[in-house]
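All values derive from a computational prediction rather than experimental measurement.
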Amino acid sequence: MALLLPGSLLTACGGGESDAGKVRIEFFQNKPEAKASFDKLIAKFNAENPGIEVTQVNPPDAETVLLTRVVKNDEPDIVGMGATDTFSVLSQSGIFEDLTNQPLLEGVNPVYVKQLTAVSGMREITGVPYATNANGIMYNKQIFRELNLQVPKTWDELIATAKAVKEAGIIPFYFTYKDDWQTNLPFNALGPNLVGNDFFQARRSGETTFKENFREVAEKMLALLDYGHNDNFGKTYADGNRAFARGEAAMYIQGTWAIPELRKTNPNMELGFFPFPTGNNADQVHLVSGVDTLLTITKSSEHKEEAAQFIEFLLKPENIGQYIEEQTAFSAVEGVEQKDPAVAELQPYFEQGRFVDFADHFIPQAVQLNSIVQSFLQNGNIDDFLGTLDREWDKVANRRQTH
């Protein structure tokens, strides 16, 4: 079925009108923190397009809800979601339109487009990268200045910096490992840099294992724990945001998504952000940045032309610029820059194309990576950790093959 785009003369799938004379479009997206930002853009679009009414749906546990709706043949018109394994599964199941070579992709950074096909394992492009984020290390500029510290560029420099902070009686890293998803932040930086995301394609093909490749990743994750606080597994993400914003630690391994939360506690915090220095060759360290929100149209939509019109609207520089400013995110559209000073140190990596995708975007959700990493950091058993990852991966792969 051909996709109808603005300017296209195709009419095979035209969107019908409701009794009220408007085409009604459902926009389903998975980020609760982005709801208000999308509400503003939707209101603007609806005002400019009186014949179309877009409604946003943003339920809790959105990916599970979406999968349930797919089973019930009740797909929304447009889906906004991350480039995760769920996106891969739905793409491979033929739920989304093939957008390959469509005008909507014009102007989108091709690196992020490649990330989508790498995650999905498909040649077809089934989503439009929209907003991206980054994973790295936030630091308190005031503490660094008082201790005469420089931003570390290598792993050895990072550990030396952590030691200096600890010796000064300050917490080096504020860990928030009561929330299991927080434990995989170092994993997401170390894996792509030390092993590479090509590993996951080889793992899908049964050509390699975590046990063969991820020992250094595991060792370095454990090493970081020596520079936390006295309750690494008792503090949540919310606890960490408040504590770091109050100046209780020098560094915070985190994603850019936390910046708005930090500023709620301390709007005037002197905040810096640098890529996680995973190895000892600074030139080989890449920023971890992936597609946080992509936009796609479902094949079942009866309003493809209008859905594409809305996506085209969201991609306009002034609109995506508004979104990334409010969300402290980055634009997948080239030429639209994030100007927040807190992330200025990341900008050269984007300009040079020195960034790689998150490791967990390639790992099936059913593997339950977060809980496995959390358990490993608590017990410190590397062999058991890597073996568990391999066993759980194989279980998921076998289930998918049988279905």
Colleague: May I ask you to decide if Thr278's main-chain N or O and Asn193's side chain share a donor-acceptor pair within less than 3.5 Å?
Modeller: no
Colleague: Using modelled atom types and a 3.5 Å cut-off, is there a donor and acceptor pairing between side-chain atoms of Asn49 and backbone atoms of Ile52?
Modeller: no
Colleague: Does Val333 offer a backbone N or O that forms a donor-acceptor pair with the side chain of Ser331 under 3.5 Å?
Modeller: yes
Colleague: Hey, does the side chain of Asn197 reach the backbone of Val356 with a donor-acceptor pair shorter than 3.5 angstrom?
Modeller: no
Colleague: Using a distance-only test with no angle check, is there a side-chain donor-acceptor pair under 3.5 angstrom linking Ser91 and Ser120?
Modeller: no
Colleague: Show every ring pair (Phe, Tyr, Trp, His ring centres under 6.0 Å) that has at least one partner inside residues 105-129, sequence neighbours left out.
Modeller: Tyr112-Phe355
Colleague: The test is ring-ring contact (aromatic ring centres under 6.0 Å, His included); show your working for Phe244 and Tyr174 and say whether it passes.
Modeller: CA-CA 7 Å; Phe244 185 66; Tyr174 203 96; 8.3 Å; no
Colleague: Do Glu392 and Gln368 come close enough that some side-chain heavy atom pair is under 4.5 Å?
Modeller: no
Colleague: Measure across Val108 and Leu104 and return the closest heavy-atom pair with its distance rounded to 0.1 Å.
Modeller: CG2-O, 4.0 Å
Colleague: Other residues, nucleotides and ligands only: do more than 12 of their heavy atoms fall within 6.0 Å of CD on Glu325?
Modeller: no
Colleague: Pick one: which of Phe187, Phe385, Phe376, Trp393 meets ring pair (Phe, Tyr, Trp, His ring centres under 6.0 Å) with Phe214?
Modeller: Phe187
Colleague: Are a donor atom and an acceptor atom from the side chains of Thr154 and Asp156 found within less than 3.5 Å of each other?
Modeller: no
Colleague: Compare all side-chain heavy atoms of Pro76 with those of Val57 and state whether any distance is below 4.5 angstrom.
Modeller: no
Colleague: Does the side chain of Phe144 come within less than 4.5 Å of Met251's, by heavy atoms?
Modeller: yes
Colleague: More than 12 heavy atoms of other residues, nucleotides or ligands under 6.0 Å from CG of Asn101: is that the case?
Modeller: no
Colleague: Take Tyr130 and Leu315, measure what side chain to side chain contact (heavy atoms under 4.5 Å, CB included) needs, and give me the verdict at the end.
Modeller: CA-CA 7 Å; Tyr130 185 63; Leu315 291 168; 3.7 Å; yes
Colleague: Using a 3.5 Å distance criterion without hydrogens, assess whether the side chain of Asp85 forms a donor-acceptor pair with backbone atoms of Ile363.
Modeller: no
Colleague: Taking atom OH of Tyr139 and atom CD of Glu345, what is their separation to the nearest 0.5 Å?
Modeller: 3.5 Å
Colleague: Grab the two heavy atoms, one from Leu147 and one from Ala168, that are nearest each other, plus how far apart they are.
Modeller: CD2-CB, 3.7 Å
Colleague: For Lys316, is there an ion pair with Glu318 - N to carboxylate O distance below 4.0 angstrom?
Modeller: no
Colleague: Of all the heavy-atom pairs spanning Ala189 and Asn135, show the shortest one and how long it is.
Modeller: N-ND2, 4.0 Å
Colleague: Is it true that Glu146 and Gln142 share a donor-acceptor pair across their side chains at a distance under 3.5 Å?
Modeller: yes
Colleague: Donor-acceptor pair, Asn319 side chain versus Phe313 backbone, under 3.5 Å?
Modeller: yes
Colleague: For Gln327 and Glu33, indicate whether the former's side chain and the latter's backbone hold a donor-acceptor pair under 3.5 Å.
Modeller: yes
Colleague: Do Arg354 and Asp283 sit within salt-bridge range, that is, some charged N less than 4.0 Å from a carboxylate O?
Modeller: no
Colleague: In plain terms, say whether Glu167 and Lys163 are close enough for a salt bridge, that is, a side-chain N and a carboxylate O under 4.0 Å apart.
Modeller: no
Colleague: With distance as the sole test, does Glu261 use its side chain to make a donor-acceptor pair with the main-chain N or O of Ala258 at under 3.5 Å?
Modeller: no
Colleague: Please check if the number of heavy atoms outside Lys114 that lie under 6.0 Å from its NZ is greater than 12.
Modeller: no
Colleague: Roughly how far, to the nearest 0.5 Å, is the NE2 atom of His286 from the OH atom of Tyr349?
Modeller: 9.5 Å
Colleague: Salt bridge (Lys or Arg N to Asp or Glu O under 4.0 Å) with Glu270: which of Arg263, Lys141, Arg145?
Modeller: Arg145
Colleague: Decide yes or no for Thr293 and Gln29: does some side-chain heavy atom of the first lie under 4.5 Å from some side-chain heavy atom of the second?
Modeller: no
Colleague: Taking Glu157 for its side chain and Lys153 for its backbone only, find out whether a donor-acceptor pair lies under 3.5 Å.
Modeller: yes
Colleague: Could you pull out the closest heavy-atom pair between Phe276 and Leu190, with the gap in Å?
Modeller: CE2-CD2, 4.2 Å
Colleague: Just by modelled atom types, is the Trp181 backbone N or O under 3.5 Å from a matching donor or acceptor in the Asp179 side chain?
Modeller: no
Colleague: Please tell me if the side chains of Leu377 and Tyr177 come closer than 4.5 Å, counting only heavy atoms from C-beta onward.
Modeller: yes
Colleague: Drop me the distance from Phe362's CZ to Asn188's CG, to the nearest 0.5 angstrom.
Modeller: 10.5 Å
Colleague: Checking side-chain hydrogen bond (donor to acceptor under 3.5 Å, both in side chains) against Arg24, which of Glu306, His303, Glu302, Glu53 comes through?
Modeller: Glu53
Colleague: Is Met138 close to Ile259 at the side-chain level, that is, under 4.5 Å between some pair of heavy atoms?
Modeller: yes
Colleague: Is there a donor in the side chain of Tyr252 and an acceptor in the side chain of Asn241, or the other way round, less than 3.5 Å apart?
Modeller: yes
Colleague: Do Leu389 and Leu369 come within less than 4.5 Å of each other through their side chains, counting heavy atoms only?
Modeller: yes
Colleague: So that I can tick it off, tell me whether Asp383 and Arg215 are bridged by a salt bridge, with the cut-off set at under 4.0 angstrom between side-chain N and carboxylate O.
Modeller: yes
Colleague: Check this for me: does any side-chain nitrogen of one of Arg69 and Glu26 sit under 4.0 Å from a carboxylate oxygen of the other?
Modeller: yes
Colleague: Determine the minimum heavy-atom distance between Leu287 and Ala134, stating which atoms define it.
Modeller: CD1-CB, 4.1 Å
Colleague: Check whether the side chains of Ser88 and Gln92 place a donor and an acceptor atom closer than 3.5 Å, and report yes or no.
Modeller: yes
Colleague: So which atom in Thr132 and which in Ala332 form the shortest heavy-atom distance, rounded to 0.1 Å?
Modeller: CG2-CB, 4.1 Å
Colleague: Is Lys339 paired with Glu337 through a side-chain N to carboxylate O contact shorter than 4.0 Å?
Modeller: no
Colleague: Given side chains that start at C-beta, do those of Val54 and Asn46 come closer than 4.5 Å, heavy atoms only?
Modeller: yes
Colleague: Would one find more than 12 heavy atoms of other residues, nucleotides or ligands at under 6.0 Å from atom CG of Asp384?
Modeller: yes
Colleague: Are the charged groups of Asp239 and Lys178 less than 4.0 angstrom apart, N to O?
Modeller: no
